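Only a predicted model underlies this, so the values are computations on that prediction, with no experimental measurement involved.
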Amino acid sequence: MNTKLYKTLFTLPVVALLTTGCEDFMDTAPMGSTVTSDQKEETVAADPSRIEASVAAISANFLQFGGVYTDESVHSDIGYPCIMLTTDSRTADMVADPVGYNWFSDGLLYDDSQPTSRSITLMWNTLYNQIYTANNVIGLVDPETEDASSQFYLAQALAIRAFDYFTMVQLFQANYQGHEDALGVPLITDENKDEVAAAGLARSTVRETYEFILNDLNRAIELLQASGMARPDKRYVSLDVVYGIRARVYLTMHDYEAALADAETALASTSATPYSMTEVGRPSFIDIDDNSWMWGILVTEQDRCSTSGICNFPSHMGSLNYGYASVGAWRRVSTTLYNAIPETDIRKGWFLDGEGVSANLPAAAQEYITGAHAPVYTQVKFGVLNDVWGTDNNANDVPLMRVEEMYLIQAEAQAMSGNPALGAQTLQSFVQAYRDPAYTCTATTAEDVQEAVWMQRRIEFWGEGMAYFDIMRLGKGVNRLGGGYPASTVFNIQAGDPVLIYPIPYDEVQYNPLCVQNQIVSVPTPIPDTQTGE
């Protein structure tokens, strides 16, 4: 692959445009007075680079070191990847040790069930900082613009705002179905931010939140269709990506027919193709230019997360590079999930086996990780730049959406919308073609196909920040018995337990008098692990 020195196209100097870290989302007062639609058009026409740079700032917000804690003292404050690592740490699939090098121990221990948790502050403010930046763009562009570039940029802001609110409502409330009238999140827009800054903002209901999300996505699709403008690179959303996001939303709402339609539209309109077994038969998942990636976070060697050395996704996740993971916070697959992966599945090699070996590793990589004394079942899914094993150059890109997800949504939605046989066939065809030629899907009921898809999702997207959202949308618990977890992190949390819903950050409730707190529960007590996991 190309080194990151060649991946600087459209990497704009947008630092001055980024929002500074804030301790609550109330810090949204505009820098100037409200402008009319005509004034917006005049501003953009006079200086088109202003909106282009503002849109680049939205994408840049996905990757920021010190975006919330601006003194850079919190090494998990790295933008959206902090949400990926925080939520994955809560599951029963990713094992780690609650040591000082593990900046995500609070998720592992469920200490993040308390409103004073640093992780909750990071997730809340990271998303609202990006929403604030998106609102700036939305407020800058005339919603009725017929200029192709302006339509494209407005679509970017709307789609990413929708993505952020979708992420938030899944974190801070239970699944959509059956909880439509429960409290969602405060919906800050470009239109109400003056009022919010002055008086605060109540939480909208879950139904209202999802309606808002869908309205943004629907409008983004219309604008992208009207614009016809190609994105500069995969940091930006395109039509297939927005359909993919909307497919996720409908899947979470259990509107399976709509999810199926959007997944199939995304597949029909994308140029992305799944990773082949050869491609994932070695450490991978670090390059936004890979054919499988529909959308991702583009990282250059000049980004602050990269120059920090250890305050980035590869540092916290990676086993084959230098960072927090490789000096003690090793990320490992649970033995229950590992044992469920067939020997014929290429993804078994994404993890070291019980002897510390992976058939997927080149000899030099195996030599490196053996010498580093990595624990058994350590992940070796994520590669390193230019196959420099042990490198301290952590400028790896981070995936946000891969085309494989659309096939798995398609299979689940087919089954759950009334055709389990077709869903099973879709699933079997996908896995046989790209991951395990010996795979057979024996499920016959819709629910069993859904379970089979969930297993594939757990394997396929391990470490990509999707597992916890699946737990919530499917109404699952978190059972770590027999998974190889350290004693202080063994829990068997039942589905529906309120500890699975994050509380609103303490500071937010204090500063926003209209924001009602979620139910606060105690940190769960670890239980004896009565199973061996072997």
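Ion pairing of Asp77 with Arg118 is absent here, as no side-chain N (NZ or NE/NH1/NH2) approaches a carboxylate O to less than 4.0 Å. A salt bridge links Arg207 with Asp181; the closest basic N to acidic carboxylate O contact falls under 4.0 Å. Between Glu464 and Arg457, none of the side-chain N atoms (NZ, or NE/NH1/NH2) sits under 4.0 Å from a carboxylate O, so this pair counts as no salt bridge. Salt bridge annotation for Asp387-Arg282: present, with a cationic side-chain nitrogen under 4.0 angstrom from a carboxylate oxygen.
With hydrogens and angles ignored, the 3.5 Å screen pairs a side-chain donor or acceptor of Ser315 with a backbone N or O of Tyr324. Although no hydrogens or angles enter the test, the distance criterion places no donor-acceptor pair under 3.5 Å between the side chain of Thr489 and the main chain of Tyr485. A donor-acceptor contact shorter than 3.5 Å links the side chain of Ser105 to the backbone of Asn102. In this structure, the side chain of Asp497 does not engage the main chain of Leu500 through any donor-acceptor pair within 3.5 Å. Between the side chain of Asn479 and the backbone N or O of Asn492, no donor-acceptor pair lies under 3.5 Å. No donor-acceptor pair closer than 3.5 Å links the side chain of Asp88 to the backbone N or O of Tyr468.
Taking every heavy atom of both residues into account, Trp295 and Lys234 meet most closely at CD1-O, 3.1 Å. Shown here for Ile459 and Leu337, the closest heavy-atom pair between the two residues is CG1-CD1, 4.0 Å. Closest non-hydrogen pair, Val95 versus Gly484, comes out as CG1-O, 3.5 Å. The two residues Leu427 and Cys441 make their nearest non-hydrogen contact at CD2-SG, 4.0 Å. The shortest non-hydrogen separation linking Val74 to Trp103 is CA-CZ3, 3.8 Å. Between Thr335 and Gly482, the closest heavy-atom pair is OG1-O, 2.8 Å.
Each of Asn394, Thr391, Asp392, Asn312 was evaluated against Asn321; a single residue qualifies, Asn394, per the side-chain hydrogen bond (donor to acceptor under 3.5 Å, both in side chains) test.
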Checklist entry - Checking side chain to side chain donor-acceptor pair (under 3.5 Å) for the pair Asn419/Gln414: CA distance, chi angles, key distance, verdict? => result CA-CA 5 Å; Asn419 197 336; Gln414 285 170 337; over 6 Å; no
Checklist entry - Stepwise, does the ring pair (Phe, Tyr, Trp, His ring centres under 6.0 Å) test hold for Tyr377 with Phe351? => result CA-CA 5 Å; Tyr377 305 113; Phe351 313 97; 8.9 Å; no
Next on the checklist: Quick one, Phe430 with Tyr439, criterion side chain to side chain contact (heavy atoms under 4.5 Å, CB included). Give me CA distance, side-chain angles, the key distance, then yes/no.
Outcome noted: CA-CA 10 Å; Phe430 169 77; Tyr439 177 79; over 6 Å; no
Next on the checklist: Go through it in stages, so that I can follow the logic: the residues are Leu171 and Leu127, the test is side chain to side chain contact (heavy atoms under 4.5 Å, CB included), and I'd like the CA-CA distance, side-chain angles, deciding distance and then a yes or no.
Outcome noted: CA-CA 11 Å; Leu171 294 172; Leu127 292 167; 4.3 Å; yes
Checklist entry - Are Arg203 and Asn518 close enough, and set up right, to give a side chain to side chain donor-acceptor pair (under 3.5 Å), and what steps lead you there? => result CA-CA 11 Å; Arg203 297 168 66 182; Asn518 286 333; 2.9 Å; yes
Checklist entry - Does the pair Ser292 and Glu404 meet the rule for a side chain to side chain donor-acceptor pair (under 3.5 Å), with working shown? => result CA-CA 7 Å; Ser292 165; Glu404 289 86 347; 2.6 Å; yes
Item to check | Criterion side chain to side chain contact (heavy atoms under 4.5 Å, CB included) on Gln366 and Thr370, from CA distance to verdict | outcome: CA-CA 6 Å; Gln366 182 67 62; Thr370 299; 3.0 Å; yes
Next on the checklist: Would Gln114 and Asp111 count as a side chain to side chain donor-acceptor pair (under 3.5 Å) here? Give the steps.
Outcome noted: CA-CA 6 Å; Gln114 303 306 295; Asp111 287 344; over 6 Å; no
Item to check | CA sep, side-chain torsions, deciding dist, call: Trp124, Phe172, ring pair (Phe, Tyr, Trp, His ring centres under 6.0 Å) | outcome: CA-CA 9 Å; Trp124 182 272; Phe172 296 100; 5.0 Å; yes
Next on the checklist: Go through it in stages, so that I can follow the logic: the residues are Tyr256 and Tyr250, the test is ring pair (Phe, Tyr, Trp, His ring centres under 6.0 Å), and I'd like the CA-CA distance, side-chain angles, deciding distance and then a yes or no.
Outcome noted: CA-CA 7 Å; Tyr256 295 109; Tyr250 282 131; over 10 Å; no
Next on the checklist: Let's go through Ser204 and Val185 carefully: what are the C-alpha distance in whole Å and the side-chain angles of both, what is the deciding distance for side chain to side chain contact (heavy atoms under 4.5 Å, CB included) to 0.1 Å, and is it a yes or a no?
Outcome noted: CA-CA 6 Å; Ser204 296; Val185 295; over 6 Å; no
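Within the 4.5 Å cutoff, side-chain heavy atoms of Cys515 are placed close to those of Ile504. Side-chain contact between Asp93 and Val333: absent, with no pair of heavy atoms (C-beta onward) separated by less than 4.5 Å. Counting only heavy atoms from C-beta outward, the side chains of Val249 and Tyr210 approach each other to under 4.5 Å. Using a 4.5 Å heavy-atom cutoff, the side chains of Leu183 and Val206 are not in contact. In this structure the side chain of Phe461 reaches within 4.5 angstrom of the side chain of Glu405, judged on heavy atoms. Contact annotation: the side chain of Val376 never approaches that of Leu352 to less than 4.5 Å [non-hydrogen atoms, C-beta and beyond]. Side-chain contact check for Pro98 versus Ser488: some heavy-atom pair is nearer than 4.5 Å. At a threshold of 4.5 Å between non-hydrogen side-chain atoms, the residues Val384 and Ile286 do not count as touching.
Residue pairs meeting the salt bridge (Lys or Arg N to Asp or Glu O under 4.0 Å) criterion with at least one partner in residues 330-347, sequence neighbours excluded, are Asp97-Arg332, Glu343-Lys348, Asp345-Arg347, Arg347-Glu460. The stretch residues 411-428 participates, sequence neighbours left out, in these salt bridge (Lys or Arg N to Asp or Glu O under 4.0 Å) pairs: Glu412-Arg473.
Annotation: the span from Arg246 atom CZ to Leu251 atom CG amounts to 14.0 Å, rounded to 0.5 Å. To the nearest 0.5 Å, atoms OG (Ser319) and NZ (Lys381) are separated by 12.0 Å. To the nearest 0.5 Å, atoms CG (Asp397) and CG (Leu298) are separated by 4.5 Å. Between atom CD of residue Gln379 and atom CE of residue Met94 there is a gap of 7.5 Å, rounded to the nearest 0.5 Å. Here the CD1 atom belonging to Ile160 is positioned 7.5 Å from the CD1 atom belonging to Ile245, to the nearest 0.5 angstrom. Here CG of Leu361 is found 7.0 Å from CH2 of Trp389. Values are rounded to the nearest 0.5 Å.
Checked against the 6.0 Å centroid criterion, the rings of Tyr176 and His254 do not qualify as a close aromatic pair. Here the two rings, on Phe313 and Phe382, have centers that are under 6.0 Å apart. Between Phe285 and Trp350, a ring centre-to-centre spacing shorter than 6.0 Å is recorded.
Arg458 forms a cation-pi arrangement with Trp454, by the criterion of a distance under 6.0 Å to the ring centre and an angle within 45° of the ring axis.
For Glu279, the side chain to side chain contact (heavy atoms under 4.5 Å, CB included) partners two or more places apart in sequence, or in a different chain, are Tyr275, Ser276.
The neighbour count for Glu257 CD, taken as heavy atoms of other residues, nucleotides or ligands under 6.0 Å away, does not exceed 12.
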